[in-house]
Amino acid sequence: MRVDFRMELRSVGTALRLAESVLLAGGQRQARRNAWAAVCENRRHAAARELDGAPAGGPVGAPAGGPAKAARR
């Protein structure tokens, strides 16, 4: 049984894009996994901050709501 994988490539750019997609497919998958792991880690940190009562988005001890809200007081 013989499988023929030949295809017509219309330009050098098309050939390069095809080669890039084949060679980097595993790396793209790993990059997506890494990005999703970072999103999950950020969510865990945010949940931990809410439980601790620390203001979100600022250093510990900063007024809740940031500088704009502190200026209105």
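Atoms considered below: every heavy atom in the structure, side chains included; atoms not considered: hydrogens, waters and symmetry mates.
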S.K.: Mind checking who shares a hydrophobic cluster with Leu23, ILVMFWY linked at side-chain heavy-atom distances under 4.5 Å?
M.R.: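 Result for Leu23 is none, singleton.
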S.K.: Mind checking who shares a hydrophobic cluster with Trp36, ILVMFWY linked at side-chain heavy-atom distances under 4.5 Å?
M.R.: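 Members besides Trp36, by chain and number: Val39.
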S.K.: Kindly compute the distance separating NE2 (His45) from SG (Cys40), expressed to the nearest 0.5 Å.
M.R.: 11.5 Å
S.K.: Kindly write out the residues that satisfy side-chain contact (heavy atoms from CB on, under 4.5 Å) with Val12, not counting sequence neighbours, or none if the list is empty.
M.R.: Leu16
S.K.: Any salt bridge (charged side-chain N to carboxylate O under 4.0 Å, His left out) involving residues 34-46? Give me the pairs, sequence neighbours left out, ordered by first then second residue.
M.R.: Glu41-Arg44
S.K.: Mind jotting down which residue pairs meet the salt bridge (charged side-chain N to carboxylate O under 4.0 Å, His left out) criterion with at least one end in residues 23-33? Sequence neighbours excluded, please.
M.R.: none
S.K.: For Asn42, check side-chain hydrogen bond (donor to acceptor under 3.5 Å, both in side chains) against everything at least two apart and list the hits.
M.R.: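 Not a single residue meets the side-chain hydrogen bond (donor to acceptor under 3.5 Å, both in side chains) criterion with Asn42.
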